[in-house]
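If you're wondering where the values come from, they're calculated on a predicted model, not measured in any experiment.
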Amino acid sequence: MLVNRLGIYVYFKQNKFIRQLKRHGHLIYVNKTKKYVLLYIDENDLDKHSQTLVN
């Protein structure tokens, strides 16, 4: 069964949050100098994870 996935960019304040972001999806790319992460999330779970990422 194929699942549609979306790539989202998440900005963080400290590098220690990278480990916590791994729980929300498949971590593809991390830029530690500009402090952002490219994360793939299942389309079905996007609403659930987007609310927790914003807070």
How far apart are the C-alpha atoms of N15 and K35, what are their side-chain angles, what is the distance that settles it, and do they pass the side chain to side chain contact (heavy atoms under 4.5 Å, CB included) test?
CA-CA 7 Å; N15 288 337; K35 299 191 186 267; 4.1 Å; yes
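- Relative orientation of the Y11 and Y36 rings is tilted, given thresholds of 30° and 60° on the angle between their planes.
- The hydrophobic clustering, which links ILVMFWY residues whose side-chain heavy atoms are closer than 4.5 Å, places L6 and Y9 apart.
- Linking ILVMFWY residues whenever their side-chain heavy atoms come closer than 4.5 Å, directly or via other members, places V30 and L21 in the same cluster.
- If you take NE2 on H24 and CD1 on I8, they are separated by 9.0 Å, rounding to the nearest 0.5 Å.
- Transitive grouping of hydrophobic side chains (ILVMFWY, heavy atoms separated by less than 4.5 Å) brings V10 and F12 into a common cluster.
- Between K32 and I18, the closest side-chain pair of non-hydrogen atoms falls below 4.5 Å.
- A donor-acceptor pair under 3.5 Å links the side-chain atoms of N31 to the main chain of K34, judged by distance alone.
- Atom-to-atom distance recorded for Q20:CD and L53:CG is 10.5 Å, nearest 0.5 angstrom.
- A distance of 9.0 Å separates CZ of R5 from CG of L39, quoted to the nearest 0.5 Å.
- Criterion: ILVMFWY side-chain heavy atoms under 4.5 Å apart, direct or through other members. Under it, I41 and L27 are part of a common hydrophobic cluster.
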